[in-house]
Structures are given as C-alpha cells and as structure tokens.
Number of protein chains: 2
Amino acid sequence: MKTETRKDEIIKTAAKLFKEKGYSAVTMRDLASAMGMKAASLYNHIKSKQEILKEIIISLAEEFTEGLALIQKSNISSIRKIEEVVKLHVNITSQNTYGMASLNNDWMHLEEKLDYYLELRANYEQNLRQIVVEGVEQGEIIDENIEIMLFSILSTLRSLYLWIPKKDYLNPEKLSQQLSTVLVKGINKKID
Amino acid sequence: MKTETRKDEIIKTAAKLFKEKGYSAVTMRDLASAMGMKAASLYNHIKSKQEILKEIIISLAEEFTEGLALIQKSNISSIRKIEEVVKLHVNITSQNTYGMASLNNDWMHLEEKLDYYLELRANYEQNLRQIVVEGVEQGEIIDENIEIMLFSILSTLRSLYLWIPKKDYLNPEKLSQQLSTVLVKGINKKID
DNA sequence: CAAGCAAACTAACAACTGTTAGTTTTTTTA
DNA sequence: TAAAAAAACTAACAGTTGTTAGTTTGCTTG
C-alpha cells in the first residue's frame, strides 16, 4: 500500500464535503478552502470536479461488484450468502462512510460514467435477487414478494453510511451479526 | 379541498426536478422551463427558491409527526403500532414520492427552518424508539439492539420513495401488509 | 366596454461557478 | 548546492446563478 497522494487527500476531503451538502452544492473554492489552498491549485492534482466524483463512486461500485461475485460463487447456503452480503456492506461502508453518501445520492451527476455505473448497479441487484430466488427455491427463505424482501435488505444496507458514524457504533463484526439477525429473523419474539 | 393554485403547481414541479437532480442542481431557469414560463415569472407566485424547498419538506415532516402521534396514543399492541407506522409511510409516500426525495436528501439546505426540521425529526425517531422499547418490555419484540432494529425499519421506510414509483408496484394496502410481514417476521422460513 | 388584477414578459444586476494561463515558491533529487 | 520537479500562487475568463425592476398581456368583473 503506497502512501497517500495529494490527489487521494483531495478526493477524501471532497467526499466529506459531498456528504454534508451534496456534490452540486460544494464548490471548488469550498474544497480548496477545506484543503488549505486556493481553488486553482486543485487542478495540479485533478482534471475536473467531475473526475473527483467519478473516482469516489466508481471505485466503490466496483468494490461491491467484486465482493458480491466472490460471495456468489462460494459454496454456502442462501441465508449464509445474505449474511456475507451484510458483512460486505458493513466493511466497505465502515472504511468510507463519506464516499458511500456520494454513491447513494450523487450518482446522477456522473455524466460520462453514468451508464457504466447504472450497469454495475443493475447487475448487483440482479445477482442479489438471484441469491434470494435460490433461497426461496431451496426452502430457506419465505415465499413472500421477492422484490419487497430485496428492497428492504438493500434499503437498510444502503443507509449504513448514515448510521455507522453515530456514537453508539459497534465494531464491524458485531454490527454485521446483529444486523443479519434483524434482517433475517425480523424483530418479533418467537413463541417458544 | 380548493383547486390547485399556480404556486402549488410550481412546488409540485420543483419537487419532481429536485428528485431527479437534487435541490442545488436545479436552477430557477430549469424550473421555469418545466413550467413553460420564464424564471422571473416564478416570482409572481413564490418568494424564493428556498421557500419552495421549505414548503415541500416541512409540510411532509409535519404530516409524519401528526400521523405518529395518532398511532402512539391508540390502544393497540406495539407490533400493531409498527404496522400502522408502515402504513403511514406507505400512504404519505404514495401521495408524494417526489417530495419524499427532498425530505430525505435536501433537508440540509433548509437554512432558517433547518432547526425546526431537525427537531421534528429527532422527536419522530424518539417516539418510534419508545414504541419499540415498549414492545421489548412487553415481550412482543426480541431483546436485540434497539438502535439496529430502529435503523433497519426507518431505512426501509425512508427509501420507499425510490421503490414505489417502480413498475411492479402494488396498491398501498398490499404493500403495507407485505412490507410489515418482512420487517416484523424477517425473511427466513420457520421450521414448522 | 372600461377597470382592475393576476400572471406573464424583457432586461439587467451582482455574485458566484469551474477552469485556464502564467508565475512563484517549495521540495526532491543528482 | 544546483537543477528539476512538484505544488502552490495571482489574475482572469466566460458562463451561470437567484433575484429585482419595470412593462406588457390577457382574463374577469362591475
């Protein structure tokens, strides 16, 4: 792992600002000021504002794609796969909560890379759907509306970037485990 | 119910644009163009861009606050209360998916009304927490991490604005019922 | 049909936007 | 320590922003 370049610092700082106000509301002068420099100086390190957003979002999207591919070809039950997906989201989000905000809220400003992002996203959802479908077929998962189950799981996992920075934060392992429990078993008390 | 004023049309159109690109990326000229008029003409109906956002967000936030207050004082079990909260979100979101996007993503641009919004939001979460706490005390809800259960439920309900406009949409009653099932009972198949 | 009014228009503003060009300063390297 | 490279700077640009002022259009009503 190489030491962090100035470009990396800019991207990290930008992600933080993008989370607070959204991509469009952050100006290059805001970003420069947060970096302790003038706006023009940023262009010694980056090509454009656009490029910053692209770097933030695409690298994360590819990380999710690769992570899910690994889970999918592993030889475990569907429920276990879903537990691994929870871990994947918790781990990636823990390492980059700021970037996850852009991934969720600023992807529409991607321009040239928008189609590529949408493709990655559609594939990700399709692969996760596949896991759920197999779980239903094998009798591990209830035969309810698959889209609703998918929506509920993904909504929760995509919102992790809002929750993880809070004070009552657990370590990634505990969070993953407890979140899996809630998503898989629900919240109601079983009658023993 | 009075007939829709020009101001209402502007707010509705703005909400649609805000959902697509976010508040900051929508210009008054974009909005005017979508209304078939010139930007300056908007100011015959509204005070500022800011005011449009305020109207969209605050009215929705108050609707949620009032709805939850009603549920809270009703004489039903905690699980039933949570099912009513699901209905509340599904109903409000069904009637205004565009506005819900602003409520979720653009609240940080509220300026003068920001504190009021944050107060409503904190109260809402506290009241929902109260329902879950009571459910645990009365043995209806599992004794897992309450914040995680709350987070999972709220994340799903707050994302409804993304899901409801999709093609495979159910009517509000069916959606509420199936969503409640997934949130309360989870997705795993019980061993009979 | 004249008066009044709501709602559109044109023109313009000052501030702000992302970005470029050219220059100076600082750090690294030989 | 001199040269080269990296990273900051100042100044400026052309276009865009929300908004105001003043004017014109078109509908409603007495």
Side-chain angles (χ1 to χ4, degrees), chain A residues 2-58 98 101-102 105-114, chain B residues 2-58 98 101-102 105-114:
Chain A
K2 279 192 72 179
T3 117
E4 193 169 58
T5 68
R6 205 87 175 103
K7 180 172 178 176
D8 294 334
E9 289 183 63
I10 290 172
I11 290 171
K12 238 169 103 174
T13 305
K16 183 171 184 174
L17 297 183
F18 292 168
K19 185 189 174 190
E20 285 163 14
K21 324 196 326 181
Y23 174 75
S24 304
V26 175
T27 71
M28 295 305 276
R29 283 163 185 85
D30 290 338
L31 175 54
S33 161
M35 288 290 298
M37 56 168 79
K38 292 297 163 68
S41 306
L42 294 168
Y43 290 84
N44 283 319
H45 307 280
I46 52 114
K47 273 209 300 289
S48 63
K49 188 186 179 187
Q50 206 42 227
E51 188 208 15
I52 298 175
L53 186 68
K54 185 199 72 188
E55 300 259 331
I56 293 171
I57 294 182
I58 298 297
Y98 299 138
S102 295
N105 303 320
D106 291 323
W107 56 267
M108 69 283 273
H109 302 113
L110 275 175
E111 303 190 357
E112 326 105 59
K113 287 282 181 177
L114 176 59
Chain B
K2 279 191 72 180
T3 114
E4 192 168 61
T5 68
R6 204 85 173 102
K7 181 173 178 176
D8 295 333
E9 290 181 65
I10 290 172
I11 290 171
K12 238 169 102 177
T13 305
K16 183 170 182 174
L17 297 182
F18 292 168
K19 185 187 174 192
E20 286 163 13
K21 323 197 323 180
Y23 174 75
S24 303
V26 175
T27 71
M28 294 305 274
R29 284 164 184 84
D30 289 339
L31 175 54
S33 161
M35 287 291 298
M37 57 169 78
K38 292 296 163 73
S41 307
L42 294 168
Y43 289 83
N44 283 319
H45 308 281
I46 52 112
K47 274 208 298 291
S48 63
K49 189 186 178 187
Q50 204 44 225
E51 188 207 16
I52 299 175
L53 186 68
K54 186 198 71 187
E55 300 258 331
I56 293 172
I57 294 182
I58 299 298
Y98 299 139
S102 294
N105 303 320
D106 292 322
W107 55 268
M108 67 284 272
H109 302 113
L110 274 175
E111 301 190 3
E112 327 105 60
K113 288 284 180 177
L114 177 59

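First the proteins, then the strands, lettered A, B, ... as listed; each starts at 1.
K54(A) places its NZ atom 17 Å from the C1' atom of dG18(C), with the value rounded to the nearest Å. Between the CG atom of D30(A) and the C1' atom of dT17(D) there is a distance of 15 Å, given to the nearest Å. E111(A) has its CD atom 13 Å from the P atom of dG18(C), to the nearest Å. One atom, CG of L42(A), and another, P of dT19(C), lie 10 Å apart when rounded to the nearest Å. Put simply, NZ on K38(A) is 16 Å from P on dG18(C), counting in whole angstrom units. With rounding to whole Å, M37(A) atom CE is found 12 Å from dA6(D) atom C1'. Regarding I46(A), its CD1 atom lies at a distance of 13 Å from the P atom of dA7(D), rounded to whole Å. In this structure, the CE atom of M28(A) is 17 Å from the P atom of dT10(D), given to the nearest Å.
For H45(B) and dA8(C), the shortest distance from a side-chain N or O to OP1 or OP2 is below 4.0 Å. Remark: S41(A) is in phosphate contact with dC9(D), judged by side-chain N or O atoms under 4.0 Å from OP1 or OP2. Contact between the side-chain N/O atoms of R6(A) and the OP1/OP2 oxygens of dA8(D) is found at a separation under 4.0 Å. Taking only side-chain nitrogens and oxygens, K49(A) never comes nearer than 4.0 Å to OP1 or OP2 of dT19(C).
Remark: L110(A) CG to L53(A) CG distance equals 5.0 Å, nearest 0.5 Å. Of the inter-residue distances, the one linking F18(A) atom CZ with K49(A) atom NZ reads 6.0 Å to the nearest 0.5 angstrom.
Mapping A39(B) and Y43(A) onto DNA chain C by nearest heavy atom places A39(B) closer to the 5' end of the strand. With DNA chain D read from its 5' end, the first of the two nearest nucleotides for Q50(B) and R29(A) is the one closest to R29(A).
Between the side chain of N44(A) and the base of dA8(D), at least one donor-acceptor pair of N or O atoms lies under 3.5 Å.
A salt bridge between E55(A) and K47(A) is absent, with no side-chain N of the basic residue lying under 4.0 Å from a carboxylate O of the acidic one.
Looking at E112(A), K113(A), K7(A) one by one, the single match for side chain to side chain contact (heavy atoms under 4.5 Å, CB included) with E51(A) turns out to be K7(A).
Judged by distance alone, with hydrogens and angles left aside, the side-chain atoms of T13(A) form a donor-acceptor pair with the main-chain N or O of E9(A) at under 3.5 Å.
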